[in-house]
Structure formats: structure tokens, C-alpha cells
Amino acid sequence: VSTGTVGSLTVTLRAPTFRDAVRLIEAVGQIAENLNHHPDIDLRWRTVTFTLSTHSEGGVTHLDIELAHRILEAGRRLDAEPLPAP
């Protein structure tokens, strides 16, 4: 987990396979719906980057932190490796 551009948080994970990366996106999609808080998602082969920000607040809030933790948990269940910030 890292701070990205001002006012955002970034979580990047590398899944074992492309299909696992898609499964991760599906899992995070369900989590996001449950929280009613939706990340921006970028998929590059096995690497998925989630960018979190609460637009109505102009930056990172507790919802973004909670979503980041849940994304990491979903990644662990799929054996996805957290990557350091670029």
C-alpha cells in the first residue's frame, strides 16, 4: 500500500496467473459493492493496481484505508503478492 498522487492510496498485487488476477478483481468488486466505495482498477497481465480515493472528500478517508485492508486480504486468499510502490 502506498500513497499515490496527492489524495489517493494505491494497492498493487501480482497474482499467480492472469485468471487469478481477474478473480481478484471480481472479489474486490464484491467488497467494493458491499462498502459502496469503488476503486479505480488497472489490470496488466497478472498485476492489478487499485487506486483508492474518496472523491467527495478530496482525498483519502477511513473508507479507503478499510478497502485497502480488504483488498490485501482478498489478495492473500488468492496467493497474490503485494508489490512495492513504484
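Only a predicted model underlies this, so the values are computations on that prediction, with no experimental measurement involved.
In this structure, CG in L24 is found 13.5 Å from CZ in R14, a value given to the nearest 0.5 Å.
Listed by first and then second residue, the side chain to side chain donor-acceptor pair (under 3.5 Å) pairs involving residues 22-32 are D20-R23, Q30-N34 (not counting sequence neighbours).
Counting heavy atoms from C-beta on, the side chains of T12 and T47 come closer than 4.5 Å. Looking only at side-chain heavy atoms (C-beta outward), I41 and T51 stay at 4.5 Å or farther from each other. Within the 4.5 Å cutoff, the side chain of L13 has no heavy atoms near those of the L83 side chain. Looking at heavy atoms from C-beta onward, F50 lies out of side-chain contact with L67 at the 4.5 angstrom threshold. Counting heavy atoms from C-beta outward, V22 and L43 have side chains that approach closer than 4.5 Å. With a 4.5 Å cut-off on side-chain heavy atoms, R77 and E73 count as touching. Contact check for V60 versus L52: no side-chain heavy atoms found under the 4.5 Å cut-off.
Nearest heavy-atom pair, F18 versus W45, reported as atom, atom and distance to 0.1 Å: CD1-O, 3.0 Å. Of all heavy-atom pairs between D64 and G59, the closest is OD2-O, 3.6 Å. Here the shortest heavy-atom pairing between V48 and A21 reads CG2-CB, 3.7 Å.
Side-chain N or O atoms of R46 include one that pairs as donor or acceptor with a backbone N or O of A15 at under 3.5 Å.
When the options V11, I65, V28, I31 are evaluated for a side-chain contact (heavy atoms from CB on, under 4.5 Å) with R70, the one that passes is I31.
Side-chain contact annotation: S53 with S8, donor-acceptor N/O pair under 3.5 Å absent. Between the side chains of H38 and E33, at least one donor N or O lies within less than 3.5 Å of an accepting N or O.
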